[in-house]
Amino acid sequence: MDVDAVRARQRELGVPEAVEWVHETTPALLDAVRASGLEVLLAPLMVRASTTAPPPLTDARVRLMDPDDPDFARDFAVRSAVANLGFGNLGTAVGPIGPAERDAAVTPTAEGQLAFVAEAARAGFLQHVVAETDEGIVATGAVQLAPTGAEVVGVATLPSARRRGLGAAVSELLARYAQDQGSPLVFLSAESETVARVYERSGFVRIGTACIAETPS
């Protein structure tokens with residue numbers, strides 16, 4: 001692959017400069033992508049291998065988001081704030097950022113984006129999940145479904161709510177939903193080896209390394 005040519009074409013199209021591949025199938029691509037100036041995340045690539053479920057939560061409720069719920073717009077804005085704060089503070093360590101910071105970060109979702117998410121959920125190819133405690137939504141994730149498989153994406157927990165099994169519970173419900181829809185394969189890319197251990201509690205096993213390259217910020 002001519003990585004520089006791919007990036008130039010992406011710039012022409014006005015899309016992010018990014019490349020993703022599986023290292024074990026194309027190992028030579030790693031040096032080529034790095035030489036082009038892109039940062040590369042080496043993420044454990046995992047598939048759902050069993051129906052192992054994490055211990056049930058006693059202080060939280062995990063649910064599929066219903067696009068026809070009257071509170072869908074509000075809840076989606078809140079879960080988006082949770083996702084942004086979670087990914088802005090990577091890892092699994094408990095931290096001070098919690099409900100107050102989440103509420104301050106909530107902004108209305110653009111009408112077009114909200115309509116797309118709602119229709120995608122109704123059509124069955126994108127589903128969001130949230131975990132709620134008495135402090136509201138504190139964890140979230142999504143699954144993208146296609147005829148050949150489903151990918152769990154965007155699993156995030158507020159730092160103040162970590163180490164309580166919420167990420168594993170969200171992942172479990174997303175994987176179970178995809179399998180109930182008939183998906184023959186459920187997979188994901190973990191942010192690190194530490195995060196991969198969270199997914200193992202929901203029956204995921206590592207099969208390789210996903211390389212995710214993006215323009216340096």
**Message:** Main chain of His23, side chain of Thr26: is a donor-acceptor contact present, judged purely on distance under 3.5 Å?
**Reply:** no
**Message:** Applying the side chain to side chain contact (heavy atoms under 4.5 Å, CB included) criterion to Val78, which one of Val106, Val138, Asp71 satisfies it?
**Reply:** Val106
**Request:** Could you pull out all residues at least two apart from Glu191 that satisfy salt bridge (Lys or Arg N to Asp or Glu O under 4.0 Å)?
**Result:** none
Could you pull out all donor-acceptor pairs under 3.5 Å where a side-chain atom in residues 173-182 meets a protein atom, sequence neighbours excluded?
unit_1: Arg176; atom_1: NE; unit_2: Glu172; atom_2: OE2; d: 3.1
unit_1: Gln179; atom_1: OE1; unit_2: Arg48; atom_2: NE; d: 3.4

**Request:** Go through the steps for Val143 and Glu151 under the test side-chain contact (heavy atoms from CB on, under 4.5 Å), then give the verdict.
**Result:** CA-CA 5 Å; Val143 62; Glu151 181 178 12; 5.9 Å; no
**Fill in**
Between Ser189 and Ala210, the two heavy atoms sitting closest are OG-CB, 3.4 Å
**Prompt:** Is the count of non-hydrogen atoms from other residues, nucleotides or ligands lying under 6.0 Å from Phe87 atom CZ greater than 12?
**Reply:** yes
**Request:** Can you measure from CD (Gln144) to CZ (Phe125) and round to the nearest 0.5 angstrom?
**Result:** 9.5 Å
**Prompt:** Quick one: does Pro16's side chain get under 4.5 Å of Glu214's, heavy atoms only?
**Reply:** no
**Prompt:** So do the side chains of Leu38 and Thr215 get within less than 4.5 Å of each other, counting heavy atoms only?
**Reply:** yes
**Asked** Is there side-chain contact between Asp66 and Phe72, with heavy atoms separated by less than 4.5 Å?
**Response** no
**Message:** Minimum heavy-atom separation for Val170 and Ala131, please, with both atom names.
**Reply:** CG2-CB, 4.0 Å
**Prompt:** Does CD in Glu111 sit with more than 12 non-hydrogen atoms of other residues, nucleotides or ligands closer than 6.0 Å?
**Reply:** no
**Asked** Are the side chains of Arg79 and Val129 in touch, meaning some heavy atoms are under 4.5 Å apart?
**Response** no
